[in-house]
Amino acid sequence: MMRSPVKYNRSQNSFKRFVPILVIIGLVLLAFLIMRSTGIGGLSNANFETQRNRVIRSEMQAASSAVNSLSRLGATSTSSVLSRVRQHVHGIEVINELSVSMYGEVGRLYPAVTFEEIYGIIDSYEVCLATGQKVNEPLNRLTEAVGNLETTTNRILNFTTGEEE
């Protein structure tokens, strides 16, 4: 008696070839979901705000310290100190823009005019230095503008961390 040939089930064999691929895809998806839920590979809002506030506080302290170290006499180091003030104010501006990128306009911490005003004062201060004019007026304006920025920063940081003033 002759046996009938074994039937070849083509659809079952095709499925078996895809099982390892499906397992790999499933493992990658599972790993992604685990990392996402634990905060690895993603940026949570709370983590972003904590880091943002830390950097803003650091930049504000550095800018304020630099302004306080400016001499009313127009010493030779004044130009480099002004550059540091500009750098730290720019750091705050970049974090402000990043916050806007993350949250839209509701994420704006400072109005753009705040930074334009400070940059304008720094520019006029540098012109006074370059031309040998008195720097008292630009220094007073810069001290006041950075003081206002610091007040605004403290209000923002106290509001976002839930602290009372």
Contact check, side chains of Val135 and Leu129, non-hydrogen atoms, under 4.5 Å: yes
Side-chain touch Asp123/Val127, heavy atoms, less than 4.5 angstrom: no
All side-chain hydrogen bond (donor to acceptor under 3.5 Å, both in side chains) counterparts of Glu117, not counting sequence neighbours: none
Pair Tyr110, Thr153: side-chain N/O donor-acceptor within cut-off below 3.5 Å: yes
Backbone N/O of Arg108 and side chain of Ser99: donor-acceptor pair under 3.5 Å: no
Nearest-0.5 Å distance, CD of residue Glu126 to OG1 of residue Thr131: 11.5 Å
Minimum heavy-atom distance between Ala66 and Val85, given as atom pair plus value: CB-CG2, 3.5 Å
pair Arg155-Thr152: side-chain heavy atoms closer than 4.5 Å: yes
4.5 Å side-chain heavy-atom contact, Asn154 and Met60: no
Asn96 side chain near Ile92 side chain, heavy-atom distance below 4.5 Å: no
Glu93 CD to Leu98 CG distance, which is reported to the nearest 0.5 Å: 12.5 Å
Distance (rounded to the nearest 0.5 Å) between Asn53 CG and Leu157 CG: 5.0 Å
Closest heavy-atom pair and its distance - Ser69, Arg84: OG-NH2, 4.3 Å
Thr151 side-chain N/O to Gly147 backbone N/O, donor-acceptor pair under 3.5 Å: yes
For the student: nearest non-hydrogen atoms of His90 and Tyr119, plus distance: CA-OH, 3.1 Å
Any donor-acceptor N/O pair, Ser58 side chain to Arg54 backbone, under 3.5 Å: no
Flag side-chain contact, heavy atom, 4.5 Å: Glu49 against Met102: no
Shortest non-hydrogen contact from Ile121 toward Pro138: CG2-O, 3.5 Å
Val146 and its side chain to side chain contact (heavy atoms under 4.5 Å, CB included) partner, picked from Asn148, Thr143, Leu142: Leu142
Sub-4.5 Å side-chain heavy-atom contact between Glu105 and Val100: yes
Arg52 vs Leu109 side-chain heavy atoms within contact, under 4.5 Å: yes
Summary of salt bridge (charged side-chain N to carboxylate O under 4.0 Å, His left out) pairs that have at least one residue in residues 138-150, sequence neighbours excluded: Glu137-Arg141
Asn136 side, atom CG; Tyr125 side, atom OH - distance, nearest 0.5 Å: 8.0 Å
